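For reference, the structure discussed in these notes is given below.
Treat the numbers as computed from the prediction; the structure is a model and nothing was measured. Chain naming here is simple, since letters A, B, ... match the order of the sequence lines and numbering starts at 1 in each.
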Amino acid sequence: MAIKWSKTLLSTLRDDPQEAEIPSHKLMLRAGLIRKLSGGLYIFTPLGHRALRKVQNIIREEMDAAGAQEILMPALQPIELWERSGRANQMGASMFRLKDRLDRTMVLGPTHEEVVTDYITKEISSYRQLPCTVYQIQTKFRDEIRPRFGLMRSKEFIMKDAYSFDVSMEAADDSYKAMYDAYVKIFKRCGLIAKPVEADTGAIGGNHSHEFMALAPSGEDGILDCEACGYAANQERAERKIAGSKYNEYAGEPEEVPTPGAHTVSESAAAVGVPDDQIVKSLIYIADGKPVMAIVEGTRELNECKLRRFLGCMELELADDETAAKVAGPFGSIGPIDVNIPVYADVGLRGAKDVVVGANKDGFHIKHIDLEKHAKITAWADIATVVEGDCCPVCGAPLRIARGIEVGHVFKLGTKYTKAFDSTFLDADAKSNIMIMGCYGIGVTRTVQAVIEQNFDKDGIIWPSSVSPCQVTVLPLDAAKSEECAAATDKLVQELEASGIDVLVDDRDERPGVKFKDADLIGCTIRVVVGTRSLQQGGVEVRVRKTGDSSLVPLDNAAEQIASLLKQF
RNA sequence: CGGGGUGUAGCGCAGUCUGGUAGCGCGUUUGGUUCGGGACCAAAAGGUCACGGGUUCGAAUCCCGUCACCCCGACCA
């Protein structure tokens with residue numbers, strides 16, 4: 001199909017909008033793909049919507065090919081379902097709630113585990129109906145604390161969410177694998193480099209998950225990966241090979257040292273006269289309302305995600321100074337000795353016999369501490385954040401770090417929801433069993449932007465043909481004055497349409513320079529220039545946006561050549 | 001919610017310190033000249049200077065408050 005610029009609601013911007021920070025967001029606004037309604041809410045313009053639909057269609061094709069069935073569930077849902085799963089509180093303020101005219105509380109669905117589980121439970125009663133995977137492409141609502149980067153994190157976004165139901169863990173593994181494989185294909189077809197990594201399961205729950213991370217410097221997540229063995233994980237859950245503390249030899253009896261005015265690890269280390277990593281960093285957290293202490297090496301970051309998972313708590317937040325002082329010591333001098341709250345020590349501190357801790361007394365630390373001997377460690381746990389250069393937990397090689405945009409996430413949920421909804425089926429022996437569930441999400445709108453984040457240059461977007469709003473843009477330069485040019489353009493566009501190629505024709509009465517700049521900015525995969533000059537030289541100019549390579553092609557061969565180029569880019 | 005920043009025409013900005021009744025570039029409209037990498041000339045449309053209150057003869061500008069948006073953190077596709 002062909003669309004004419006002059007008949008399309010399409011305008012480009014010459015300058016970067018001040019509101020946008022990252023390249024893809026700037027480019028989407030400049031190329032006229034989206035317009036902002038308000039914070040975290042965007043309109044897809046005719047052109048932007050075309051790209052969005054192409055991504056959706058790729059997802060549909062691969063979901064269907066993987067045996068998933070498309071359904072559509074309501075965005076508006078009764079709160080009761082969420083109370084049943086226990087997530088009404090857990091989702092907290094990030095779930096939009098409203099009342100209907102009968103004063104019943106409804107929510108705008110942030111996700112659909114509850115609805116789908118309710119539906120499937122009522123629908124399926126026999127093992128003969130399993131396995132079953134359903135999916136939908138639908139708008140989700142999340143009252144994000146901070147929407148940002150345009151479509152990257154918005155209050156309303158389009159998600160493809162799929163849910164699998166199986167008779168057993170083993171069968172569920174197959175369903176999971178099918179979705180995982182489909183995701184690999186989907187992102188590849190979209191022209192995205194998306195890396196599957198081990199991930200934290202967060203509020204969705206379950207015990208095992210992979211995220212698909214589109215690599216980009218603007219990504220919100222850190223990803224650690226091992227070149228040697230292929231291990232890859234989100235920083236939220238990445239592990240490291242533990243060597244244990246290097247301060248593992250007795251060096252004397254505990255001794256209080258004055259460290260006046262020292263609040264940070266570095267200041268304390270300097271005051272005591274030891275390296276930073278010999279200091280033990282002690283942090284007080286409130287876990288589901290109860291104070292706990294977590295300790296790590298002074299040079300490491302504590303990983304709240306890992307701590308939360310280890311503790312199995314819903315809420316975890318750093319205690320304020322006042323609370324910390326009450327249960328342990330003043331800010332800057334907190335330590336694990338003689339405290340009456342649980343102390344969780346990072347495994348990196350194992351074997352530490354000569355470290356420095358806060359004395360729980362303003363302006364004092366204690367040196368020569370043997371953690372096992374002098375502190376009551378409630379449990380040793382892997383709760384530190386892994387950083388670049390740490391050793392791979394699988395093979396020991398040094399880990400690398402990169403940034404990634406989470407475009408997809410697949411979860412093995414087990415029975416978290418099916419138990420709550422009593423989702424049972426009768427097996428071949430007429431015995432009742434609980435279904436095993438999995439869930440699988442793709443941020444569709446986010447994926448569109450991620451494609452741009454990975455495919456642009458100084459002139460604009462470089463669309464892969466699979467998702468380009470139009471595969472080809474045709475620039476007639478002299479159509480108004482030259483009948484030959486107008487006729488050649490018509491012929492070419494007709495032939496392209498006949499070959500199933502979609503075309504944007506820039507039929508505006510603009511100077512060539514303007515058309516070139518806009519074509520580069522919008523970035524359709526192939527650009528064709530039809531001008532009197534090229535026609536005199538024997539044809540039209542076909543240029544690949546990505547490489548900049550252009551060649552003069554006789555009009556009669558153009559459609560065919562373009563079709564073949566589209567397969568490559 | 002904590003920290004930082006910005007609100008002046010569709011977009012990008014100046015003017016705010018030192019109050020005097022709003023300006024530039026781009027875009028838009030009309031006419032003309034141009035026409036292969038964001039042309040030129042001429043004319044024009046478009047602004048309750050985020051909002052509310054205060055100070056003042058007079059406020060975009062000073063004071064108080066509110067809101068919106070953007071960035072850094074916790075949340076997530």
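Within 4.0 Å (heavy atoms only), A:Tyr183 reaches no atom of the nucleic acid at all. Residue contacts shown for A:Asp143 are absent, as no nucleic acid heavy atom lies under 4.0 Å away. Within the 4.0 angstrom heavy-atom criterion, no nucleotide atom of any strand lies near A:Ser482. If you check every strand for non-hydrogen atoms under 4.0 Å, A:Val514 touches a base.
Contacts between residues 48-63 of chain A and RNA chain B, defined by a heavy-atom separation below 4.0 Å, involve no residue at all.
Phosphate contact (OP1/OP2 of B:C72, side-chain N/O of A:Arg148, threshold under 4.0 Å): present.
With both pairing distances under 3.5 Å, B:C24 is matched to B:G12 as a Watson-Crick or G-U wobble pair. Figure legend. B:U56 is base-paired to no nucleotide; pairs are counted as Watson-Crick or G-U wobble with both atom distances under 3.5 Å.
Taking for each of A:Gly40 and A:Ile442 the nucleotide of RNA chain B with the nearest heavy atom, the 5'-most of the two is the partner of A:Gly40. Residue whose closest nucleotide on RNA chain B sits further toward the 5' end, between A:Asp518 and A:Glu406: A:Asp518.
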Between the protein and nucleotides 34-36 of chain B, list every N/O to N/O distance that falls short of 3.5 Å.
| unit_1 | atom_1 | unit_2 | atom_2 | d |
| --- | --- | --- | --- | --- |
| B:U34 | O2 | A:Arg511 | NH1 | 2.7 |
| B:G36 | O2' | A:Arg533 | NH1 | 3.2 |
| B:G36 | O2' | A:Arg533 | NH2 | 2.6 |
| B:G36 | O6 | A:Ser534 | N | 3.0 |
| B:G36 | N2 | A:Glu541 | OE1 | 2.2 |

Protein-nucleotides 10-12 of chain B N/O pairs closer than 3.5 Å?
| unit_1 | atom_1 | unit_2 | atom_2 | d |
| --- | --- | --- | --- | --- |
| B:G12 | OP1 | A:Gln18 | N | 2.7 |

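Spacing of P atoms, B:U8 relative to B:C51, comes out at 10 Å, to the nearest Å.
Ring orientation note: the planes of A:Tyr180 and A:His210 are nearly perpendicular, at an angle over 60° on the 30°/60° scale.
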